[in-house]
K.L.:
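Got a structure here, written out as structure tokens. Questions coming.
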2 protein chains.
Amino acid sequence: MVTMRDVAERANVSIATVSFVINGTKRVAPQTRARIEAAIEELDYRRNVVARALASSRTRILALLHPDLEARPNATVIQFVMSAAHGARERGYDLVLWPVNDDEQMSHLLAGGLVDGALLMEVRICDSRVDRLVESRVPFALIGRTENDDLPYVDIDFATTIDQAVGHLRSFGHERIALVTQRTKAAPGDEPGRIMRAEAAYLDATAALRRRVRRPPAVIAVEGTSAGGREAARTLHDDFPDATAVVLVNEGASAGLVKGSRALGRSIPDDLSIISASTTRELGEMIEPSLTVMAAPAPQLGRLAADALIDQLEGVQDTPPHLLIPCTLVPGQSVGPPPEGRRR
Amino acid sequence: MVTMRDVAERANVSIATVSFVINGTKRVAPQTRARIEAAIEELDYRRNVVARALASSRTRILALLHPDLEARPNATVIQFVMSAAHGARERGYDLVLWPVNDDEQMSHLLAGGLVDGALLMEVRICDSRVDRLVESRVPFALIGRTENDDLPYVDIDFATTIDQAVGHLRSFGHERIALVTQRTKAAPGDEPGRIMRAEAAYLDATAALRRRVRRPPAVIAVEGTSAGGREAARTLHDDFPDATAVVLVNEGASAGLVKGSRALGRSIPDDLSIISASTTRELGEMIEPSLTVMAAPAPQLGRLAADALIDQLEGVQDTPPHLLIPCTLVPGQSVGPPPEGRRR
DNA sequence: CTGAAAGCGCTTACAG
DNA sequence: CTGAAAGCGCTTACAG
């Protein structure tokens with residue numbers, strides 16, 4: 001292995017000077033620099049990142065913490081992960097995957113000093129992992145939000161997204177719109193923030209409408225699987241037969257909802273309009289009929305989260321970043337006017 | 001930050017002894033050990049992994065190299081990644097994501113000394129990245145195979161998988177079976193090994209049959225997208241109208257092939273049987289009708305690849321691992337007998 | 001069974 | 001503009 005010492009000897013300088021030109025941390029006379037650069041080139045020297053990390057107490061490694069990475073993460077989650085990894089890499093950082101559920105284990109990992117910062121996904125409104133993160137004094141950024149707005153985060157703007165979804169359906173004439181969200185193993189009220197915010201946004205966006213047509217909210221929570229989607233179709237059919245449209249915030253259940261509805265004899269979109277919020281356009285294309293989706297800004301948000309964290313680490317920024325980006329409407333074939341008979 | 005020195009002082013021993021008990025690398029008198037353990041507990045000491053890495057020249061970090069991680073990796077790839085990350089973590093290793101296409105950049109990263117070993121995905125038959133890996137002297141394992149069988153690998157057994165898929169279709173009476181694979185940007189002959197092996201296996205498995213019915217092979221390569229799938233449906237319809245069944249080795253095109261075929265008036269499975277090989281059962285369930293799939297053993301293989309690499313790093317194993325696991329047939333509703341008129 | 005000490009390959013005040 | 005040297009927090013022969 002060729003070390004900095006080898007380069008220094010060949011260029012006839014001290015290792016300090018070599019370090020200065022490699023890092024650009026101090027002025028070095030042009031010809032000294034040239035000698036060093038030549039030596040580096042000739043020896044094909046590459047700085048050892050571990051030694052650098054120990055000496056500078058900066059590893060340039062970021063952790064990505066996600067509880068469900070083992071299960072089957074949906075396409076949107078993957079986009080977050082991949083874009084965060086790319087964003088990090090472009091700024092000279094590496095991303096390690098930490099599929100950790102346990103708070104205790106998380107603290108242990110954090111305390112090991114491997115990572116300079118952490119990105120946390122699937123954030124809950126009250127999330128003990130965030131407390132651990134704060135305790136650990138490792139800088140972090142959230143992909144999602146807790147109720148504490150002071151922490152740095154990057155999140156999907158569910159309020160705007162759901163509002164637009166509802167607006168889109170209303171523009172077709174729908175007045176009875178249900179919401180299908182995701183059921184998790186979490187205690188009620190402790191679900192990922194995304195679920196709670198989507199529900200709140202739905203209640204908001206449909207409030208005036210519901211008042212007018214005198215109907216209670218129609219909210220269904222099912223597993224994020226095909227089976228969950230079919231369950232939602234049945235519940236919708238049995239318990240909310242007058243609903244003519246659905247806003248879905250449950251990517252994994254999308255296909256099942258469509259299949260289940262059709263199995264119950266309801267055609268999409270003639271009998272039921274569906275809009276799947278916070279997913280990928282690829283998922284929409286896979287389903288028949290093509291789903292109208294609100295595409296999640298995951299490819300941007302993952303990178304923005306990495307950038308926000310790195311800015312924080314490098315002291316580039318003054319104030320904790322709070323980024324909120326709505327999903328983008330991508331029309332498919334799953335939304336149409338409500339059936340005549342059901343229109344009120 | 002509490003260091004080993006702090007622990008040593010509190011326990012009244014040298015830091016060497018502390019190191020010995022933490023690593024279990026040397027016998028230590030029971031009561032000395034107890035004192036040290038107490039001190040560790042009281043100070044909530046956690047060994048610094050960076051210092052350890054520098055001193056021991058082992059980082060316990062593994063790199064996962066995948067060229068297409070930025071694009072949209074399919075569900076199977078994700079299963080590989082996640083199970084590899086989990087397998088590594090369980091053995092005390094971390095996995096960093098290196099979404100790198102460029103050979104040069106790969107060599108740079110490898111030379112930095114951050115990782116003890118690497119896992120390479122999307123391996124081509126002749127893969128220059130493998131040469132770089134060998135040059136770099138960083139131990140590695142392949143997920144996939146080159147033509148050089150001496151390297152350690154873990155791979156899907158495409159020969160068996162395709163053979164079983166063809167056998168399954170034949171048991172329903174199909175005699176004219178097409179193959180749909182994936183088109184990549186790679187030069188011909190330089191595609192990922194999986195594609196070439198699948199094609200070879202198809203030619204093998206259908207050889208006798210084709211000889212009997214006097215028909216040439218029917219192989220179609222399309223993009224791994226919904227559009228690609230629709231293109232395959234059209235090509236099948238136009239160029240191979242007598243094919244009554246398809247084996248698909250193109251996860252991303254599955255949904256498009258079904259939608260495209262139906263759009264051309266061919267019902268599945270009445271007019272065309274489809275079996276999607278090397279994918280996830282979840283994908284099969286999403287599509288209507290539910291696809292018969294050969295589920296990839298990705299959740300096992302990712303972990304096995306990590307294990308193989310770690311065994312190699314720790315000198316646990318003698319011979320380079322060569323693991324080949326076939327996919328598992330999961331019947332859906334996309335395979336049935338061929339239409340009467342077409343049966344020959 | 002335990003310790004003193006060298007060393008891993010860098011960075012970074014500090015001095016000149 | 002350049003260098004000598006301390007130090008990052010561990011591991012690991014070596015000696016006793």
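Note that these values count all heavy atoms, side chains included, but never hydrogens, waters or copies made by symmetry. Just so we're on the same page: letters track the sequence lines, and every chain starts at 1.
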K.L.:
Please answer whether the main-chain N or O of A/Val50 pairs with a side-chain N or O of A/Asn48 as donor and acceptor at a distance below 3.5 Å.
P.N.:
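Checking the backbone N and O of A/Val50 against the side chain of A/Asn48, a donor-acceptor pair under 3.5 Å is found.
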K.L.:
Spell out protein contact along nucleotides 9-16 of chain D as letters: B when the base is contacted, S when just the sugar-phosphate is, - when no protein heavy atom is under 4.0 Å; keep the 5' to 3' order.
P.N.:
BBBBBB--
K.L.:
Looking only at heavy atoms, which two atoms of B/Asp6 and B/Val2 are closest? And how far apart?
P.N.:
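Closest pair (atom of B/Asp6, atom of B/Val2, distance): OD2-CA, 3.2 Å.
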K.L.:
Is it the case that the side chain of A/Arg60 and the backbone of A/Tyr93 share a donor-acceptor pair, with hydrogens and angles ignored and the cut-off at 3.5 Å?
P.N.:
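Judged by distance alone, no pair lies under 3.5 Å.
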K.L.:
Applying side-chain contact (heavy atoms from CB on, under 4.5 Å), can you list everything that pairs with B/Thr280, at least two apart in sequence or on another chain?
P.N.:
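With sequence neighbours excluded, B/Thr280 shows a side-chain contact (heavy atoms from CB on, under 4.5 Å) to B/Ala75, B/Thr76, B/Gln79, B/Glu251, B/Glu282, B/Leu283, given in chain and number order.
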K.L.:
Base, sugar-phosphate, or nothing: which does A/Val49 touch, judged by heavy atoms less than 4.0 Å apart?
P.N.:
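If one applies the 4.0 Å heavy-atom cut-off, A/Val49 turns out to touch nothing in the nucleic acid.
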K.L.:
Is any side-chain heavy atom of A/Val81 less than 4.5 Å from a side-chain heavy atom of B/Val81?
P.N.:
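In short, these two side chains do not touch, never coming nearer than 4.5 Å.
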K.L.:
Are there runs of at least three consecutive Watson-Crick or G-U pairs touching DNA chain D, with each pair's two distances under 3.5 angstrom? Give them by first number.
P.N.:
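So far as stems of 3 or more pairs are concerned, DNA chain D shows C:1-3 with D:14-16, C:5-12 with D:5-12, C:14-16 with D:1-3.
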K.L.:
Who pairs with A/Ile325 by side-chain contact (heavy atoms from CB on, under 4.5 Å), at least two apart in sequence or on another chain?
P.N.:
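By the side-chain contact (heavy atoms from CB on, under 4.5 Å) rule, A/Ile325 matches A/Pro297, A/Leu301, A/Leu304.
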K.L.:
Scan residues 107-117 of chain A for pairs that pass side chain to side chain donor-acceptor pair (under 3.5 Å), counting only residues two or more places apart or in two chains.
P.N.:
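Counting only pairs at least two positions apart or across chains, the side chain to side chain donor-acceptor pair (under 3.5 Å) contacts touching residues 107-117 of chain A are A/Thr59-A/Asp116, A/Ser107-A/Arg132.
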K.L.:
Before accepting this row, confirm whether a basic side-chain N of the pair A/Glu135/A/Arg129 lies closer than 4.0 Å to the acidic partner's carboxylate O.
P.N.:
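Judged by the 4.0 Å cut-off on N to carboxylate O distance, A/Glu135 and A/Arg129 do not form a salt bridge.
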K.L.:
So, for B/Tyr45 and B/Thr3, which heavy atoms are closest and what is the spacing to 0.1 Å?
P.N.:
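That would be CE1-C, 3.5 Å.
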K.L.:
Taking DNA chain D as the partner, which of residues 27-41 of chain B come within under 4.0 angstrom of it by heavy atom?
P.N.:
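Listed by number, there are none.
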K.L.:
When you check the side-chain N and O atoms of A/Asp127 and A/Thr146, is any donor under 3.5 Å from an acceptor?
P.N.:
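There is no such pair between these side chains.
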